Novice: 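Following this message is one structure expressed as structure tokens.
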Amino acid sequence: MSSSIFLLLLAGLVVSVMADYTGKLLLVSMDGFRYDYLDKVETPNFDDFARHGVKLPYMNNSFVTKTFPNHYTIATGLHEESHGITENHMYDPEFNSTFSMRTHEPRWWNGGEPLWVTAKKQGLKTGTYYWPGSEVEIRGVRPDYWLPYSDDTPYRERVDTVMDWFKTKGVKMATLYYPEPDHTGHISGPDSPQIIRKVKEMDGILGYLVQKMKDNGLENEVNLIVTSDHGMTSISNTRSLDLQSCLNMSDVVRIPSVGPVAHIQPVAGREDAVMASLSNVPHITAFKKDDIPDHFHYKNNRRIMPIIAIADEGWMLYDVRWQCARNNKKSTLKGTHGFDNRLMTMKPIFLAKGPNFKTNFTSDPIQNVDIYPLVCKLLNIEPAPNNGSLDRVNVFIQDTPPIPGASTAASILLSECLLAFTIVANFML
Ligand SMILES: *[C@@H]1O[C@H](CO)[C@@H](O)[C@H](O)[C@H]1NC(C)=O
Ligand SMILES: *[C@@H]1O[C@H](CO)[C@@H](O)[C@H](O)[C@H]1NC(C)=O
Ligand SMILES: *[C@@H]1O[C@H](CO)[C@@H](O)[C@H](O)[C@H]1NC(C)=O
Ligand SMILES: *[C@@H]1O[C@H](CO)[C@@H](O)[C@H](O)[C@H]1NC(C)=O
Ligand SMILES: *[C@@H]1O[C@H](CO)[C@@H](O)[C@H](O)[C@H]1NC(C)=O
Ligand SMILES: [Zn+2]
């Protein structure tokens, strides 16, 4: 054995003995899980999770409060303007092309480095049981394990697969995604009996996950984060505005995205005319791109159109042409999200449990950009540049608690290695 290899082995052993964190983490998202759904109905598994871990009153998410933008913010620690997934539907003037949630071309996603790429680049095995972006080769890297998205995979089966990745495949970092309670929130509304049943069902899934962690002997090894992308608020057909009737469409080139926020590209020179038309419309606030308030961190990206119109909570902006192209009828949805991220109804849950999280602990809300540096820290890896802050998360993490007996075994092993090294080194000198 050459001395340099031996030194490397020794260094590796010292690091593994000295690392403060277990280096294994599972990041779970339940889409559209508004922070206060947990107060609507008994959720014994969430309660138990909180008693053995951390539960924040809510989490601050990013504007726009849509699914793809916020999931990619969680995965990259970047504001939407910095990672470039600025909407579920976008137009990129440089590509002269549009993006939908099925777009898997890397060029749309390369503005950010998601957790599974950061971890894999630093030698960790990664798995993604769904996450926006996880089906894309980003910056030349794919997770070791990933699946093409399907709404229908049974929820418990997803848990079983992820458990197997940690237990037998050597995966150190994984994601697990559920499209509920978002779907039910859209269809039935956030105040419906249906949402209560769905929240109870998701509580059962959390209970199943925690039980499987125990059954597989992972509960003292794998840190768990359970969070979401956004909340949900009630909408109705009587609170919708048709952009066609608000605007002179000959002033408009395209409207790549509608809903709580409309993106409008005016004809060159007609920007002020469009702004003037929008200024007369009740229930919306329109901004020229340069004037979008800084707190939104939603300005510095070519995929944000020159004018955006933000609807008041519960109001929706439609473009009849756009609707017609899709389903030719007015929306029958009872709930949606995408509004101002300062609204309480837009805020999601954040809970965490595991060897590196304090127990029965709560603290001030964090921002969703903080999750990326938090996960990197607990994986003992270097984060890429990001907009998160460890200051907000340091209060609820802790070093790996000593497992009785294990630390003594490790230090005996370490001193024996040092002795062996001294002997080998003496021979070689
Ligand atoms: C953008 O693409 C469309 C067709 O998709 C084409 O008609 C148009 O000329 C292109 N614009 C530019 C600036 O290349
Ligand atoms: C719409 O704009 C075009 C071009 O600026 C103008 O000719 C037309 O009269 C406008 N239509 C209405 C209804 O104002
Ligand atoms: C979270 O958002 C609330 C209001 O929306 C704000 O008062 C608070 O300062 C924010 N906290 C952080 C850490 O961003
Ligand atoms: C958890 O914390 C609450 C409030 O700080 C306290 O009342 C309760 O006794 C604690 N429960 C456990 C199991 O430590
Ligand atoms: C967010 O982080 C990116 C990458 O480091 C940086 O380019 C950008 O300026 C940051 N944004 C803010 C508002 O600090
Ligand atoms: Zn969502």
Side-chain angles (χ1 to χ4, degrees), residues 34-36 54-65 69-70 72-86 109-115 117-118 138-139 227-231 233 242-253 255 264-281 289-290 292-304 310 313 337-350 362-374 376 382-396:
R34 198 168 88 182
Y35 76 102
D36 63 345
V54 175
K55 179 188 172 198
L56 305 186
Y58 56 85
M59 178 169 73
N60 282 355
N61 55 349
S62 300
F63 182 78
V64 296
T65 52
N70 271 283
Y72 212 48
T73 288
I74 292 172
T76 61
L78 294 169
H79 299 308
E80 295 173 16
E81 64 176 4
S82 293
H83 64 56
I85 304 298
T86 54
W109 298 87
N110 281 336
E113 183 177 288
L115 281 164
V117 173
T118 306
I138 296 171
R139 300 188 176 185
T227 186
S228 184
D229 49 350
H230 53 72
T233 196
D242 177 14
L243 287 166
Q244 288 267 355
S245 55
C246 311
L247 295 170
N248 182 339
M249 281 300 165
S250 57
D251 290 337
V252 173
V253 179
I255 302 180
I264 303 164
Q265 183 186 356
V267 170
R270 300 300 293 165
E271 201 160 294
D272 288 335
V274 171
M275 282 299 288
S277 312
L278 292 173
S279 70
N280 299 324
V281 183
K289 188 167 172 172
D290 283 346
I292 299 173
D294 287 340
H295 61 80
F296 285 136
H297 300 294
Y298 198 75
K299 187 183 301 190
N300 300 309
N301 197 288
R302 61 177 190 255
R303 297 171 191 166
I304 298 166
I310 307 174
E313 180 176 3
H337 52 88
F339 300 94
D340 190 326
N341 60 336
R342 291 169 301 174
L343 292 166
M344 287 311 288
T345 50
M346 292 299 107
K347 297 190 191 294
I349 52 168
F350 179 95
T362 189
S363 73
D364 291 334
I366 63 167
Q367 298 181 2
N368 63 354
V369 289
D370 302 333
I371 293 179
Y372 174 87
L374 166 65
C376 289
E382 281 299 315
N386 65 80
N387 304 122
S389 166
L390 286 172
D391 294 344
R392 288 184 288 259
V393 302
N394 274 335
V395 288
F396 56 72

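Both counts, for ligands and for their atoms, begin at 1 and track the order of listing. Only a predicted model underlies this, so the values are computations on that prediction, with no experimental measurement involved.
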Novice: Tell me, do Thr73 and Ile85 make a side-chain contact under 4.5 Å, heavy atoms counted?
Specialist: no
Novice: Out of all atoms in ligand 3, which are within 4.0 Å of some heavy atom of Pro365? Include the element for each.
Specialist: 13 (C)
Novice: Hey, could you give me the NE2/CD distance between His79 and Gln367, rounded to the nearest 0.5 Å?
Specialist: 6.5 Å
Novice: Among all the protein's non-hydrogen atoms, which is closest to atom 13 (C) of ligand 5, and how far away is it?
Specialist: His297 ND1, 3.7 Å
Novice: Aromatic rings Trp109 and Tyr72: how do their planes relate, parallel, tilted or perpendicular, breaks at 30° and 60°?
Specialist: perpendicular
Novice: Which atoms of ligand 3 are found less than 4.0 Å from any heavy atom of Arg392?
Specialist: 13 (C)
Novice: Show me which atoms of ligand 2 lie under 4.0 Å from any heavy atom of Asp251.
Specialist: 5 (O)
Novice: Rounded to the nearest 0.5 Å, what's the gap from CG on Asn301 to NE2 on His83? Could you check?
Specialist: 9.5 Å
Novice: So if I count the atoms of ligand 3 from 1 in the order they appear, which ones are less than 4.0 Å from some heavy atom of Arg342?
Specialist: 5 (O)
Novice: What residue and heavy atom of the protein are closest to atom 5 (O) of ligand 5, and at what distance?
Specialist: Pro385 CB, 3.3 Å
Novice: Could you list the atoms of ligand 5 found under 4.0 angstrom from a heavy atom of Leu78?
Specialist: 2 (O), 3 (C), 4 (C)
Novice: Does atom 11 (N) of ligand 5 have any protein heavy atom closer than 4.0 Å?
Specialist: yes
Novice: What protein heavy atom is closest to atom 6 (C) of ligand 5, reported as residue, atom name and distance in Å?
Specialist: Asn387 ND2, 4.2 Å
Novice: What protein heavy atom sits nearest atom 7 (O) of ligand 5, and how far off is it?
Specialist: Ser82 OG, 4.8 Å
Novice: Can you check whether Gly84's main-chain N or O pairs, donor with acceptor, with Arg303's side chain at less than 3.5 Å?
Specialist: yes
Novice: Identify the closest protein heavy atom to atom 8 (C) of ligand 2: which residue and atom is it, and at what distance?
Specialist: Asn248 ND2, 3.7 Å
Novice: Hey, is atom 2 (O) of ligand 2 under 4.0 Å from any protein heavy atom?
Specialist: yes
Novice: Are any non-hydrogen side-chain atoms of Asn386 and Thr76 less than 4.5 angstrom apart?
Specialist: no
Novice: Answer yes or no: is there a side-chain heavy-atom contact under 4.5 Å between Phe339 and Ile310?
Specialist: no
Novice: Output the list of atoms in ligand 2 that are nearer than 4.0 Å to some heavy atom of Ser250, sorted by atom number.
Specialist: 1 (C), 2 (O), 3 (C), 4 (C)
Novice: What's the separation between atom CZ in Phe63 and atom CE in Met346, rounded to the nearest 0.5 Å?
Specialist: 11.0 Å
Novice: Under 4.0 Å between a side-chain nitrogen and a carboxylate oxygen: does that hold for Lys299 and Asp294?
Specialist: yes
Novice: Could you check atom 9 (O) of ligand 3 against the protein and tell me its nearest heavy-atom contact, residue, atom and distance included?
Specialist: Asn60 ND2, 4.8 Å
Novice: Distance-only, no hydrogens or angles: does the Asn61 side chain make a donor-acceptor pair with backbone N or O of Lys347 under 3.5 Å?
Specialist: no
Novice: Which option out of Met344, Lys347, Gln367 puts a heavy atom nearest to atom 4 (C) of ligand 3?
Specialist: Lys347
